[in-house]
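First the structure, in the form of structure tokens, and then the observations on it.
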Amino acid sequence: MARTVPTEQKLRGGYYTPQLLSDFISDWAIQTPDTRILEPSCGDGNFLESAVNSLRKLGTSDDVIADLIVGVEYNDIESIKAWNRLRGLNIPVNLTTVVNQDFFKYLQDELNYQEKFDVILGNPPFIKYQDFKEDQREIAFKLMKSYGFKPNKLTNLWVPFLVLSSFLIKDTGKLAMVIPAELFQVGYAGETRKFLSEFYQNITIITFRKLIWKDAQQEVVILLCEKNNSEINTIKVVELNKIDDLKDFNFNTLDTIDEKIINHSKDKWTQYFLNNDEINLLNRMKENENVIRSGELYSVDVGIVTGQNKFFLLSEEEMVQNNIPLENLTNVVSRSAHLEGAEFTIADWNNNVQANLPTYMFTPPNEEFSNLNEELQEFILKGEAINVHKGYKCKIRKKWYIVPSVWVPDAFMLRQVHLYPKLIKNEAMATCTDTIHRVRFNEGVNGSKVTLSFLNSLTFAHSEIMGRSYGGGVLTFEPSEAENLLIPYINDIELDFALIDNLIRQNKIDEVLDITDQVLLIDGLGLSVEEVSALRDIWKKMSDRRINRKYSK
């Protein structure tokens with residue numbers, strides 16, 4: 001039975017929670033007939049029903065169940081549904097069973113961390129900061145700050161639900177929640193990762209190769225956390241194909257999964273998809289004196305935000321039609337698909353011109369409108385006629401037609417990656433839009449050498465750990481992530497740039513890696529063939545998982 005979610009709940013970030021999912025979580029978490037349970041965002045009672053069924057299987061009477069479970073729900077309509085749902089299960093509901101209140105206010109005013117629970121479970125809402133109601137956010141953030149957390153405008157609502165609930169768990173209690181896979185990979189969750197790794201002794205994360213929700217490209221995981229007073233903190237990752245695999249899942253299987261000693265840091269948890277040997281191999285690479293962080297070689301910045309590409313980016317035909325002089329235009333690359341090789345040349349740019357692609361960016365002098373020549377004034381007025389100047393990015397500028405931060409980079413880097421990451425040397429004196437990152441090589445760095453050194457199995461494998469994928473198969477890099485990749489950089493290496501460039505243009509990346517891995521990793525770093533093969537396998541395994549993920553009924 002699917003969890004029904006009203007329009008307001010959908011706006012709050014809720015999705016249908018399959019009963020199979022809530023039943024699985026409840027059966028794992030609830031193992032004794034006297035388990036005290038809290039659901040901090042209970043919706044219409046999906047998890048509460050599962051908790052009732054789990055307790056009944058353990059022999060708990062309905063009268064006792066009513067006193068063992070607490071569901072808190074902000075939405076009054078949903079809380080009534082949860083109340084009626086429990087009544088329909090013949091549970092003698094009382095005023096403390098389903099509480100219609102904001103969880104954070106309830107926590108602050110009623111619970112005050114004095115009451116502890118054996119189990120906390122649920123599917124907290126996934127709501128961005130800007131959609132997070134101010135009164136809720138104020139209390140939630142105040143409580144988080146009291147524990148030393150530093151929430152910011154990137155913090156999603158599920159984070160305070162997760163971390164603040166944890167402080168309500170007994171010393172040998174459990175937390176089990178459906179959480180976005182963002183937990184693994186986004187920067188704002190780094191503080192949460194560190195907290196979980198220190199607070200819980202055993203963490204198990206169950207992931208799915210196929211997306212659970214058809215209408216949301218949102219990958220989710222089942223987070224199972226245990227407190228047991230052990231001195232060792234471990235993490236396990238279980239990867240299932242689809243949600244239906246939970247039907248036949250035997251909890252004893254968890255005992256056979258490799259445990260990894262968890263790293264008490266803000267590092268991304270994507271690494272725990274790997275086995276211990278693979279994790280150890282990557283960690284050894286970090287210690288190699290000839291492997292450096294990419295930020296030591298270059299800096300990365302976002303591409304240009306025009307505010308309206310259809311107006312500011314022109315093909316040669318449009319440039320001629322509007323009589324815009326070349327001195328008021330800047331060469332531009334508008335899509336990563338236009339970057340085919342290891343370098344972007346004048347010939348490449350001319351090919352884009354011939355294909356009638358938008359290859360020019362309108363960049364008039366930073367002067368008042370009245371001081372511009374007639375052709376430029378006429379073009380700007382055309383933009384105003386179609387309300388370009390009323391768009392948000394344009395209207396906040398002093399002069400809406402002046403695009404800020406127009407500079408030409410030394411190289412481009414793909415912001416969104418399908419098959420593999422790329423660094424492309426810029427020989428065409430072009431800039432790019434924000435679909436592509438702009439790269440400046442550090443002083444004294446050989447750009448051609450860095451471009452080729454980027455192409456190897458170690459960097460590719462590490463990029464899958466450092467980037468982020470939200471379920472649609474694309475690997476995305478923020479500038480800070482692009483500056484934190486591992487690159488083998490050896491002074492006396494020799495690689496044929498023209499050969500590598502030609503192979504990339506033919507989409508022969510495996511042939512490229514055969515060449516670069518030999519020179520950079522085996523000859524340069526002294527790795528064995530087996531170690532290089534393992535790095536290649538890490539990249540393939542992680543990228544295949546990302547690319548092949550999709551919704552499954």
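In this model, a donor atom of one side chain and an acceptor atom of the other lie less than 3.5 Å apart for Ser166 and Tyr200. In the model, Thr363 has a side-chain atom that pairs as donor or acceptor with a side-chain atom of Thr330 under 3.5 Å. Judged purely by distance below 3.5 Å, without hydrogens or angles, the side chains of Glu296 and Asn442 never pair a donor atom with an acceptor atom. A donor and an acceptor atom, one from each side chain of Ser457 and Asp517, are located under 3.5 Å apart. The closest side-chain donor-acceptor pair between Gln506 and Lys508 falls under 3.5 angstrom. One side chain, Thr234 or Asn202, offers a donor N or O that lies under 3.5 Å from an acceptor on the other.
Checking side-chain atoms of Asn502 against main-chain N and O of Ala498 turns up no donor-acceptor pair under 3.5 Å. Side-chain atoms of Lys422 come within 3.5 Å of backbone N or O of Leu339 as a donor-acceptor pair. Checked by atom type and distance alone, the side chain of Thr435 pairs as donor or acceptor with a backbone atom of Ser334 at under 3.5 Å. Without hydrogens or angle criteria, Trp349 side chain to Thr359 main chain gives a donor-acceptor distance under 3.5 Å. The closest donor-acceptor contact from the side chain of Lys393 to the backbone of Gly307 lies at 3.5 Å or more, if one exists at all. Proximity of a side-chain donor or acceptor of Thr431 to a complementary backbone N or O of Trp407 within less than 3.5 Å is detected. Not one N or O on the side chain of Asn352 forms a donor-acceptor pair closer than 3.5 Å with the backbone of Leu357. Side chain of Thr451 to main chain of Gly447: a donor-acceptor pair is present (N/O by atom type, distance under 3.5 Å, no hydrogens or angles). Formation of a donor-acceptor pair under 3.5 Å by the Asn280 side chain with backbone atoms of Asn276 is found in this model. Judged by distance alone, the side chain of Ser165 and the main-chain N or O of Leu162 form no donor-acceptor pair under 3.5 Å.
We find the CG-CG distance between Leu414 and Leu423 to be 9.0 Å, quoted to the nearest 0.5 Å. To the nearest 0.5 Å, atoms NE2 (His462) and CG (Asn456) are separated by 12.0 Å. Distance check: Ile292 CD1 to Leu297 CG gives 3.5 Å after rounding to the nearest 0.5 Å. How far CE of Met285 is from CG of Leu535: 6.5 Å, rounded to the nearest 0.5 Å. Annotation: the span from Met144 atom CE to Phe167 atom CZ amounts to 9.0 Å, rounded to 0.5 Å. Rounding to the nearest 0.5 Å places CD of Glu343 at 12.0 Å from CD1 of Ile500.
Taking every heavy atom of both residues into account, Gly473 and Arg546 meet most closely at O-NH1, 2.9 Å. The two atoms that bring Ser453 and Thr459 nearest to each other are O-OG1, 4.2 Å, heavy atoms only. Shown here for Asn290 and Gly524, the closest heavy-atom pair between the two residues is ND2-O, 4.3 Å. Minimum heavy-atom separation, Val388 to Phe311: CG2-CB, 3.9 Å. Residues Ile490 and Leu520 come closest through the heavy atom pair CD1-O, 3.6 Å. The shortest non-hydrogen separation linking Leu281 to Glu531 is CD2-O, 3.7 Å.
At least one side-chain heavy atom of Phe477 sits less than 4.5 Å from a side-chain heavy atom of Val417. The shortest side-chain heavy-atom distance between Ile487 and Val291 does not fall under the 4.5 Å cut-off. Side chains of Cys432 and Ile304 form no contact here, defined as non-hydrogen atoms less than 4.5 Å apart. Side-chain contact between Leu168 and Leu107 is present, with heavy atoms from C-beta onward closer than 4.5 Å. Ile402 places none of its side-chain heavy atoms less than 4.5 Å from the side chain of Arg397.
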- request: Would you sort out whether Thr433 and Arg415 count as a side chain to side chain donor-acceptor pair (under 3.5 Å), showing the intermediate values?
  value: CA-CA 11 Å; Thr433 63; Arg415 183 175 72 88; over 6 Å; no

task: Could you walk me through whether Glu198 and Asn233 pass the side chain to side chain donor-acceptor pair (under 3.5 Å) test, one step at a time?
output: CA-CA 7 Å; Glu198 295 172 339; Asn233 301 63; over 6 Å; no

field: Chi angles and distances behind the side chain to side chain contact (heavy atoms under 4.5 Å, CB included) call for Asn426, Asp410
entry: CA-CA 5 Å; Asn426 181 17; Asp410 300 322; 5.9 Å; no

Pair Arg293-Glu483, salt bridge (Lys or Arg N to Asp or Glu O under 4.0 Å): steps then yes or no: CA-CA 7 Å; Arg293 298 284 177 176; Glu483 292 175 349; over 6 Å; no

- request: Test Leu495 against Ile515 for side chain to side chain contact (heavy atoms under 4.5 Å, CB included), laying out the working first.
  value: CA-CA 8 Å; Leu495 285 165; Ile515 296 170; 4.0 Å; yes

task: Would you check, one step at a time, whether the test side chain to side chain contact (heavy atoms under 4.5 Å, CB included) holds for Cys394 with Tyr401?
output: CA-CA 7 Å; Cys394 294; Tyr401 49 84; over 6 Å; no

- request: With salt bridge (Lys or Arg N to Asp or Glu O under 4.0 Å) as the test, would you mind laying out the steps for Lys540 and Asp510 before giving the verdict?
  value: CA-CA 11 Å; Lys540 291 283 189 181; Asp510 285 312; 3.4 Å; yes

message: Go through it in stages, so that I can follow the logic: the residues are Ile465 and Leu274, the test is side chain to side chain contact (heavy atoms under 4.5 Å, CB included), and I'd like the CA-CA distance, side-chain angles, deciding distance and then a yes or no.
response: CA-CA 10 Å; Ile465 305 297; Leu274 307 177; 4.1 Å; yes

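Note on Lys541 versus Glu464: no salt bridge recorded, every NZ/NE/NH1/NH2 to OD/OE distance being 4.0 Å or above. Look at Arg536 and Asp514 and you find a salt bridge, because one of the NZ, NE, NH1 or NH2 atoms lies within 4.0 Å of a carboxylate O, short of that distance. Using a 4.0 Å cut-off between a side-chain N of Lys or Arg and a carboxylate O of Asp or Glu, Arg137 and Asp102 do not qualify as a salt bridge. Using a cut-off of 4.0 Å between Lys/Arg side-chain N and Asp/Glu carboxylate O, Asp348 and Arg505 are scored as salt-bridged. Ion pairing of Glu138 with Lys142 is absent here, as no side-chain N (NZ or NE/NH1/NH2) approaches a carboxylate O to less than 4.0 Å. The pair Arg193-Glu191 fails the salt-bridge criterion, with no side-chain N (NZ, NE, NH1 or NH2) lying under 4.0 Å from an Asp/Glu carboxylate O.
With Phe344 as the aromatic partner, Lys425 does not meet the cation-pi criteria of under 6.0 angstrom to the ring centre and within 45 degrees of the ring axis. Geometrically, Arg545 engages Phe273 in a cation-pi contact defined by less than 6.0 Å to the ring centre and at most 45° from the axis. Tyr489 carries Lys449 over the face of its six-membered ring, with the cationic atom under 6.0 Å from the centre and within 45° of the normal.
Taking the six-membered ring for Trp and the full ring otherwise, Phe104 and Phe161 have centroids separated by under 6.0 Å. Between Tyr147 and Phe195, the distance from one ring center to the other does not fall under 6.0 angstrom.
The local environment of CZ in Arg284 is crowded, with over 12 non-hydrogen atoms from other residues, nucleotides or ligands closer than 6.0 Å. Heavy-atom neighbours of Ile396 CD1 from other residues, nucleotides or ligands within 6.0 Å: above the threshold of 12. More than 12 heavy-atom neighbours from other residues, nucleotides or ligands sit within 6.0 angstrom of NZ on Lys399.
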